[in-house]
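In what follows, a single structure is set out as structure tokens and then discussed.
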Amino acid sequence: MIIVAIDGLVGTGKSTIAQAVSKKLAWLYVSTGIFYRAVATLAAMHRVDVESNAALKAMLADTLPKVAWHFEQAAAVYYEQTDISTQLQQHSNQASIVSAHPAVRAALLPIQRQVVWSSGAPGAIVEGRDIGTIVFPQADLKIFITADQTLRAKRRSEQRQRDFQAVLAQIKERDTRDRTRPIAPTIKAADAITVDNSKLTTAQTVEHVLALIRNRQD
């Protein structure tokens, strides 16, 4: 199996890019963000404090065995055989908080790896914030997507029809949290290739990433 790790900060478009690349190649696509959103969703369901490492650890010991992860086509998460996928996006901000906890990282890391290795796919595009450094440090190709912070806020505010200043403040907060957390911070792997899409369209970025993958396969 060929594994391509795509990392980057919030609002860089890495999810859209990774999904498009995986479709072009007919490879597995896995975003590790869904795992942290699922934990945040479970915490909300069970009224667990997302700031408490101990409380999250106890919750996960009970709930994770009851979770099923599906990435065959559209990603889906089932808890006790109920599809909770539609609830995940509501807890994106809390997902960033829970992802900083050692207990959460330790519980999810083997699951993230197993989902990819057991898929039987010829290749996988795995996207997140610590793929090339922690989840798959042995990835065949590592890409770190970046873009100007203000531009990221502009894109996201237009996409979601939200106030620009509010989105910019949120992105700054997320960037600081993701870069400075003691466990698996969002940093470029030493052997990763930087792709700055500040002046590229999504289609252009996708083609650039595809070219990098083809060059690595040759």
Side-chain angles (χ1 to χ4, degrees), residues 5-20 22 28-53 55-116 119 124-131 133-136 145 152 155-156 159-160 162 167 170-171 173-179 181 183-186:
I6 297 183
D7 290 304
L9 293 165
V10 64
T12 55
K14 65 184 184 303
S15 296
T16 301
I17 293 159
Q19 282 182 288
S22 68
L28 177 72
Y29 164 67
V30 174
S31 170
T32 55
I34 194 171
F35 294 87
Y36 300 106
R37 287 192 290 274
V39 171
T41 301
L42 291 171
M45 291 170 62
H46 293 276
R47 298 183 181 180
V48 172
D49 182 6
V50 295
E51 301 283 355
S52 171
N53 183 70
L56 287 168
K57 182 178 182 179
M59 180 198 74
L60 291 175
D62 176 61
T63 59
L64 275 185
K66 305 171 187 175
V67 177
W69 315 88
H70 297 277
F71 292 91
E72 295 82 5
Q73 294 181 10
V77 180
Y78 287 77
Y79 176 60
E80 294 185 322
Q81 301 182 330
T82 298
D83 189 349
I84 62 171
S85 307
T86 58
Q87 302 177 44
L88 303 187
Q89 201 58 44
Q90 303 169 27
H91 304 281
S92 290
N93 196 47
Q94 290 80 6
S96 179
I97 297 171
V98 302
S99 70
H101 290 294
V104 176
R105 291 272 169 184
L108 293 180
L109 182 58
I111 298 174
Q112 292 166 349
R113 289 172 173 166
Q114 181 62 23
V115 161
V116 175
S119 69
I125 307 296
V126 189
E127 168 259 316
R129 289 179 171 79
D130 65 340
I131 310 305
T133 53
I134 302 295
V135 184
F136 287 109
I145 298 181
R152 284 188 278 140
R155 288 173 177 171
R156 178 156 286 203
Q159 180 186 49
R160 301 187 178 183
R162 293 180 54 200
V167 173
Q170 186 180 52
I171 283 179
E173 178 187 350
R174 285 286 300 274
D175 282 358
T176 299
R177 184 188 304 150
D178 291 340
R179 282 172 168 152
R181 65 187 177 215
I183 304 297
T186 304

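In this structure, the side chains of Tyr36 and Leu108 come closer than 4.5 Å at one or more pairs of heavy atoms. Between Glu51 and Leu56 there is no side-chain heavy-atom pair separated by less than 4.5 Å. Contact annotation: the side chain of Leu64 approaches that of Ile111 to within less than 4.5 Å [non-hydrogen atoms, C-beta and beyond]. With contacts defined as side-chain heavy-atom distances shorter than 4.5 Å, the pair Ile6/Ile131 does not qualify. Within the 4.5 Å cutoff, the side chain of Leu60 has heavy atoms near those of the Val104 side chain. Considering only heavy atoms from C-beta on, His101 stays 4.5 Å or farther from Arg181 through its side chain. Put simply, the side chain of His91 does not reach to within 4.5 Å of the side chain of Val39, judged on heavy atoms. Residues Asn93 and Gln170 are in side-chain contact: their nearest non-hydrogen atoms beyond the backbone lie under 4.5 Å apart.
The backbone N or O of Phe136 sits nowhere less than 3.5 Å from a side-chain atom of Arg113 that would complete a donor-acceptor pair.
Separating the NZ atom in Lys14 from the CG atom in Leu9 is a distance of 7.5 Å, to the nearest 0.5 Å. A distance of 5.5 Å separates OG1 of Thr41 from CD1 of Ile84, quoted to the nearest 0.5 Å. If you take CD on Gln90 and CZ on Arg37, they are separated by 12.0 Å, rounding to the nearest 0.5 Å. Residue Ile145 holds its CD1 atom at 5.5 Å from OG1 of Thr12, rounded to the nearest 0.5 Å. Between the OG1 atom in Thr176 and the CD1 atom in Ile171 there is a gap of 11.5 Å [rounded to 0.5 Å]. Note: Asp178 CG to Glu173 CD = 10.0 Å, rounded to the nearest 0.5 Å.
Nearest heavy atoms, Ser85 versus Val77: OG-N, 2.9 Å. Across all non-hydrogen atoms, the minimal contact from Ala40 to Ala95 is CB-N, 3.8 Å. Nearest heavy atoms, Val116 versus Ser119: O-OG, 2.8 Å. Ser22 approaches Tyr29 most closely through the heavy-atom pair OG-CB, 3.3 Å. Nearest heavy-atom pair across Ala68 and His70 is CB-NE2, 3.9 Å. Residues Arg152 and Gly11 come closest through the heavy atom pair CG-O, 3.2 Å.
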Given side-chain contact (heavy atoms from CB on, under 4.5 Å), test Val30 with Ile125 step by step and report yes or no. CA-CA 6 Å; Val30 174; Ile125 307 296; over 6 Å; no

Before giving the answer on side-chain hydrogen bond (donor to acceptor under 3.5 Å, both in side chains), spell out for Ser96 and Arg174 the whole-Å C-alpha distance, their side-chain angles and the decisive distance to 0.1 Å. CA-CA 7 Å; Ser96 179; Arg174 285 286 300 274; 3.2 Å; yes

Set out, in order, the CA-CA distance, both residues' side-chain angles and the distance that settles side-chain contact (heavy atoms from CB on, under 4.5 Å) for Arg105 and Asp130, then state yes or no. CA-CA 11 Å; Arg105 291 272 169 184; Asp130 65 340; 2.6 Å; yes

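In this structure, a donor-acceptor pair under 3.5 Å is present between the side chains of Ser92 and Gln89. Thr32 and Glu127 share no side-chain donor-acceptor pair at under 3.5 Å.
Contact check on Arg129 versus Asp7 returns no salt bridge, with no Lys/Arg side-chain nitrogen under 4.0 Å from an Asp/Glu carboxylate oxygen.
Two rings, from Phe35 and Trp69, have their centers less than 6.0 Å apart.
A perpendicular orientation is assigned to the rings of Tyr79 and His46, their planes being inclined by more than 60° (bins at 30° and 60°).
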